Amino acid sequence: MNFILDGFFQAIDLLITGNAETYSAILVTVRVSSYSIGSSLILGIPLGFCLGYFDFSGKKPIRTIVDTLMALPTVFIGLLVYAFLTNRGPLGNFSLLFTLPGIAIGQTILALPIVIGLSATAIESMEKKLRITIMSMGANRRQLFLTSLWESRHALLAGAIAAYGRVMTEVGISMMVGGNIKWHTRTITTAIALETNKGQFGMGVALGLVLLTIAFCVNFSVSFLRRRY
Amino acid sequence: MKLDVPIYEIRSLKHSYAGRLVLEIQHLKVQPASIVGLIGPNGSGKSTLLRLLGLIERPTMGQIFFNGRSIGPFSDEARFQVTLLPQEPFLMKRSVFKNVSYGLKLRNNKDDLIGRVNEALSLVGLASEEFVQRPWYALSGGEAQRVALAARLALKPKVLLLDEPTASVDAASAQLIKEASLRARQELGTTLIVASHDWQWLYEVCDDILHLFNGKIFGSRRETMVFGPWQELETGRWGRKLSDSQELLVPSPPDKDAAAVIDVFSIQDAESREAPNDVCLRGIVSRLTLERNSGCIFVTIVAGNVPFVVGLSQQQFQDRPLFPGKTIFIRYSLDRIRWI
């Protein structure tokens with residue numbers, strides 16, 4: 001058990017002394033997860049709104065597909081994105097393999113069904129009386145959309161956090177599409193996997209603690225925003 | 001706006017939910033600055049009609065015209081002029097101030113926002129200094145309903161649609177809501193369309209009353225509607241045993257659960273019939289209501305457990321003074337009963 005405790009102390013040391021390799025992985029993780037969560041929110045919230053708000057033929061099968069995609073295995077997404085981005089693949093010309101945008105594309109595919117599904121649930125659970133109230137005050141379609149989103153903000157935020165947590169903690173996409181290249185595409189999770197394989201528990205535990213700290217900061221900020229708004 | 005153009009006109013309207021027809025109106029006109037009451041049992045189509053007039057839903061078939069122009073949800077011709085207050089109070093997750101000012105901001109009408117919110121709150125009897133910063137969850141049901149009404153009154157609408165505005169509030173809140181609604185009509189010339197079970201209030205204030213049943217308007221006169229189930233009585237005639245053992249007779253109904261529209265044409269001090277198909281029932285006067293516009297007095301007479309409404313002119317009323325608690329006889333003819 002000593003090696004776990006040693007790892008814990010080593011972790012504190014790495015973080016306090018500003019170990020460059022550790023901070024590189026942190027920076028890469030924050031950057032790439034910000035890209036992917038940003039794009040999945042921009043795409044996913046309007047799509048989730050449409051799925052939750054409108055009644056149309058084929059809605060139920062689409063909802064089932066979205067719910068199924070929420071459980072997509074990350075290695076499978078990694079495999080698909082790799083196949084598309086490799087030189088032989090249809091998007092090979094863009095040279096996105098082993099780059100941060102490449103990882104971000106894969107993570108967006110991972111987060112998008114979660115954002116769509118949870119946004120749709122938030123909008124579906126929105127009271128019908130809210131729509132009547134907004135429309136009866138004279139709102140146009142755009143105002144109805146924006147006010148509905150604002151009124152569902154707590155549920156949407158919960159969906160965004162769930163998606164962010166999934167993106168932050170995934171390994172498969174970052175490993176397969178990013179290639180775990182030191183100083184370049186090495187994220188916290190791929191670094192943990194690598195360091196553990198090397199027997200470097202200290203580095204692994206340190207990075208794990210960082211992940212926990214980031215998760216705590218995000219949740220703290222969100223609960224602050226919830227109290228404020 | 002031309003005076004001869006109705007503010008609303010409905011033509012050949014049909015509305016269905018999941019294939020079930022819930023409202024059917026061939027033709028209806030509402031005059032500007034009038035007060036129209038909607039009366040009918042639950043499920044008769046009152047709320048549906050208000051939602052259609054309030055641009056919340058589009059009719060399945062037919063058209064609604066506002067000031068002569070065809071409208072539907074989000075119509076620019078009407079969406080800033082019509083507002084609906086739903087039956088159950090609903091406020092958005094924001095402060096009272098933001099709820100009341102929401103519609104004004106939608107209209108980009110931000111001059112003296114604070115003053116106008118305060119004015120609207122005072123119209124519904126809420127002290128602005130006490131309520132304006134309160135969050136939505138710190139209000140009672142009656143206060144929430146009044147804030148919701150204030151949010152509509154702040155818009156100074158051309159049409160105010162009220163769906164059971166006093167159904168879920170206490171007597172004091174109900175009175176304030178009634179007064180504020182009527183002030184909108186007096187001061188702004190707002191057209192009011194009100195669905196309510198408060199017949200007495202509607203009789204007092206409305207220019208016109210529409211009776212709805214099973215999604216159809218069946219008359220605007222003060223007729224009595226009696227619901228089934230009907231049964232063949234021991235005498236071989238169709239009717240219903242009332243709670244005081246009297247027999248409410250009707251002609252053979254189209255089905256056992258049909259509703260009969262009964263037009264009471266006479267009230268008298270003693271039991272008598274002038275024609276074989278006349279039916280006479282004993283009842284007790286329970287309520288007297290003055291119709292403001294016509295000066296007509298409406299007498300509610302309860303026979304057994306069924307309330308009948310009879311309209312009397314001032315002269316008729318002076319000839320036969322009535323008061324609540326007095327026993328009286330009503331007479332109607334089987335030949336004049338309509339089924340719906």
Side-chain angles (χ1 to χ4, degrees), chain A residues 45-46 48-61 63 118-161 221-229, chain B residues 17-18 47-48 50-58 72-95 98-109 135-136 144-145 147-163:
Chain A
I45 288 179
F49 181 89
C50 293
L51 188 59
Y53 187 83
F54 296 109
D55 287 320
F56 51 89
S57 60
K59 177 175 172 166
K60 278 190 178 173
R63 190 63 210 259
L118 295 182
S119 301
T121 304
I123 297 298
E124 276 170 351
S125 60
M126 186 179 82
E127 289 195 68
K128 194 183 171 192
K129 286 180 279 184
L130 172 65
R131 186 179 65 86
I132 294 175
T133 297
I134 298 170
M135 289 180 75
S136 72
M137 302 303 278
N140 59 24
R141 287 183 175 84
R142 187 181 61 85
Q143 290 161 334
L144 172 65
F145 170 69
L146 292 175
T147 308
S148 300
L149 288 187
W150 180 249
E151 291 298 311
S152 312
R153 58 194 177 275
H154 295 161
L156 290 175
L157 212 53
I161 288 171
S221 309
V222 166
S223 41
F224 172 77
L225 287 173
R226 282 186 68 156
R227 279 198 303 272
R228 181 79 178 77
Y229 300 101
Chain B
Y17 292 125
S47 297
T48 304
L50 288 178
R51 282 197 296 273
L52 293 170
L53 295 175
L55 313 176
I56 307 298
E57 296 172 15
R58 187 179 297 282
F74 306 109
S75 288
D76 286 334
E77 292 84 359
R79 69 186 167 93
F80 284 163
Q81 302 185 55
V82 176
T83 184
L84 164 69
L85 180 69
Q87 180 176 353
E88 289 170 45
F90 186 83
L91 297 178
M92 290 181 275
K93 291 173 188 152
R94 46 188 87 187
S95 68
K98 287 184 176 171
N99 265 289
V100 178
S101 61
Y102 175 75
L104 293 168
K105 287 179 183 167
L106 287 182
R107 288 156 176 75
N108 222 8
N109 198 344
W136 76 97
Q145 182 73 321
V147 169
L149 179 59
R152 272 77 181 170
L153 294 176
L155 308 175
K156 301 191 185 308
K158 284 248 172 33
V159 177
L160 178 59
L161 306 162
L162 302 171
D163 191 359

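Scope of the values below: all heavy atoms of this structure, side chains included, with no hydrogens, waters or symmetry mates. Because the structure is predicted, anything quoted here is derived from the model rather than measured.
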task: Below 4.5 Å from any heavy atom of chain A, which atoms of B:Leu55 appear? Answer side chain, backbone, both or neither.
output: backbone
message: Is B:Ala78 close to chain A through its backbone or its side chain, or both, or neither, when contacts mean heavy atoms under 4.5 Å?
response: neither
statement: Heavy-atom closest pair (A:Gly138 atom, B:Arg107 atom, distance to 0.1 Å) is CA-NH2, 4.3 Å
query: Sequence neighbours excluded, which residues qualify as side-chain contact (heavy atoms from CB on, under 4.5 Å) partners of B:Ala154?
result: B:Val100, B:Leu104, B:Ala120
query: With side chains defined as the heavy atoms from C-beta onward, is the minimum distance between B:Met92 and A:Ile134 less than 4.5 Å?
result: yes
message: Within the 3.5 Å criterion, strictly below it, is a donor on A:Thr133 or B:Tyr102 matched to an acceptor on the partner's side chain?
response: no
field: Winner by heavy-atom pair count (cut-off under 4.5 Å) against chain B, out of A:His154, A:Lys129, A:Arg153, A:Arg131
entry: A:Lys129
message: Are A:Met137 and B:Arg79 packed together at the side-chain level, in the sense that at least one heavy-atom pair is separated by less than 4.5 angstrom?
response: no
- line: Heavy atoms of B:Pro86 and A:Ile132 approach each other most closely as CG-CG2, 3.9 Å
- prompt: Taking everything shown except A:Phe56 itself, do over 12 heavy atoms lie less than 6.0 Å from its CZ?
  reply: yes
message: As an exercise, state the distance from CZ of B:Phe74 to CD of A:Gln143, rounded to the nearest 0.5 Å.
response: 10.0 Å
query: Would a 4.5 Å heavy-atom cut-off, applied to side chains only, mark A:Ser136 and B:Leu85 as touching?
result: no
